[in-house]
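Below is one structure, written out as structure tokens; comments come after it.
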There are 2 protein chains.
Amino acid sequence: MKNKILKFRKDKGFTQDALAKKCNVSRQTINAIENDRYDPTLQLAFKIARVLNTTVDDIFQP
Amino acid sequence: MKNKILKFRKDKGFTQDALAKKCNVSRQTINAIENDRYDPTLQLAFKIARVLNTTVDDIFQP
DNA sequence: TTCAAATGTAAAAATGTCTTTACATTTGAA
DNA sequence: TTCAAATGTAAAGACATTTTTACATTTGAA
């Protein structure tokens, strides 16, 4: 599943670690999702979308 | 995670089994998600949303 | 009321996500 | 160029989702 996490994250000036902390997950989890190694749970997808001020439908493309 | 699957599904006149087939999952999976026993994967959330002509953000409420 | 269709549930196994620990590589500012 | 910060990756274990098989209950139309 492709995603625009990098784009939105850079726009906000967040590091992977900073985004991870705001989402209450590990940095490795954000890294893996951003680099498309696996998909987040639906819960985490919503958390990422909200922290980055966007929607699940906008940030993820199946 | 709450959801509006029942509402959208009834609007389309689909049974759980019909929706399941359109999403390529088992009827039990749709039943479990509709009744909030667990959350779908992000992939499946997108599939359900599309089959029901709506968005992930509209059909699921974290 | 009766009967089939629809829905609810359970348990075991397969698969996928996430954490932790640990180390390597890249990047950019001084 | 150098050094720290940021990023990439791996492996083991914990936990969550999904499938399959199977059976029970509910619902609604005839």
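Every chain is numbered from 1 and lettered A, B, ... according to where its sequence line falls, protein lines coming before strand lines.
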(request) Toss me the dot-bracket line for DNA chain D: Watson-Crick and G-U wobble, both under 3.5 Å, 5' to 3', using | for pairs to another strand and [ ] for crossers. (result) ||||||||||||||||||||||||||||||

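- In plain terms, the two heavy atoms of A/Pro40 and B/Leu42 that are nearest each other are O-CB, 3.7 Å.
- Considering CD1 of A/Ile48 and CG of A/Asn3, their distance stands at 7.5 Å, rounded to 0.5 Å.
- First and last contacts of DNA chain D with chain B, using any nucleotide atom under 4.0 Å from a protein heavy atom and ordered 5' to 3', fall at D/dT17 to D/dA22.
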Using atom types as modelled, flag every donor-acceptor pair under 3.5 Å from a side chain in residues 49-57 of chain A to any protein atom, sequence neighbours excluded.
{"from": "A/Thr54", "atom 1": "OG1", "to": "A/Asp58", "atom 2": "OD2", "distance (Å)": "3.2"}
{"from": "A/Thr55", "atom 1": "OG1", "to": "A/Asp58", "atom 2": "N", "distance (Å)": "3.0"}
{"from": "A/Asp57", "atom 1": "OD1", "to": "B/Val56", "atom 2": "N", "distance (Å)": "3.2"}
{"from": "A/Asp57", "atom 1": "OD2", "to": "B/Val56", "atom 2": "N", "distance (Å)": "3.0"}
{"from": "A/Asp57", "atom 1": "OD2", "to": "B/Asp57", "atom 2": "N", "distance (Å)": "2.9"}

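- A donor-acceptor pair is defined here as one N or O able to donate and one able to accept, closer than 3.5 Å; no such pair exists between the side chain of B/Asp39 and the backbone of A/Thr41.
- In this structure, CZ in B/Phe46 is found 12.0 Å from CD1 in B/Ile59, a value given to the nearest 0.5 Å.
- Against DNA chain C, the stretch residues 8-17 of chain B makes heavy-atom approaches under 4.0 Å through B/Arg9, B/Lys10, B/Thr15, B/Gln16.
- Annotation: proximity of residues 29-53 of chain B to DNA chain C (heavy atom, distance under 4.0 Å) is found for B/Asn31, B/Asn35, B/Arg37, numbered in ascending order.
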Which pairs of donor and acceptor atoms, one on a side chain in residues 9-26 of chain A, lie under 3.5 Å apart (sequence neighbours left out)?
{"from": "A/Arg9", "atom 1": "NE", "to": "A/Glu34", "atom 2": "OE1", "distance (Å)": "2.8"}
{"from": "A/Arg9", "atom 1": "NH1", "to": "A/Phe14", "atom 2": "O", "distance (Å)": "2.9"}
{"from": "A/Arg9", "atom 1": "NH2", "to": "A/Glu34", "atom 2": "OE2", "distance (Å)": "2.9"}
{"from": "A/Thr15", "atom 1": "OG1", "to": "A/Asp17", "atom 2": "N", "distance (Å)": "3.4"}
{"from": "A/Thr15", "atom 1": "OG1", "to": "A/Ala18", "atom 2": "N", "distance (Å)": "3.0"}
{"from": "A/Gln16", "atom 1": "OE1", "to": "A/Asn31", "atom 2": "ND2", "distance (Å)": "3.0"}
{"from": "A/Gln16", "atom 1": "NE2", "to": "A/Glu34", "atom 2": "OE2", "distance (Å)": "3.4"}
{"from": "A/Asp17", "atom 1": "OD2", "to": "A/Lys21", "atom 2": "NZ", "distance (Å)": "2.6"}
{"from": "A/Ser26", "atom 1": "OG", "to": "A/Thr29", "atom 2": "N", "distance (Å)": "3.2"}
{"from": "A/Ser26", "atom 1": "OG", "to": "A/Thr29", "atom 2": "OG1", "distance (Å)": "3.0"}

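- Shown for residues 20-28 of chain B: residues whose heavy atoms fall under 4.0 angstrom of DNA chain C, namely B/Arg27, B/Gln28.
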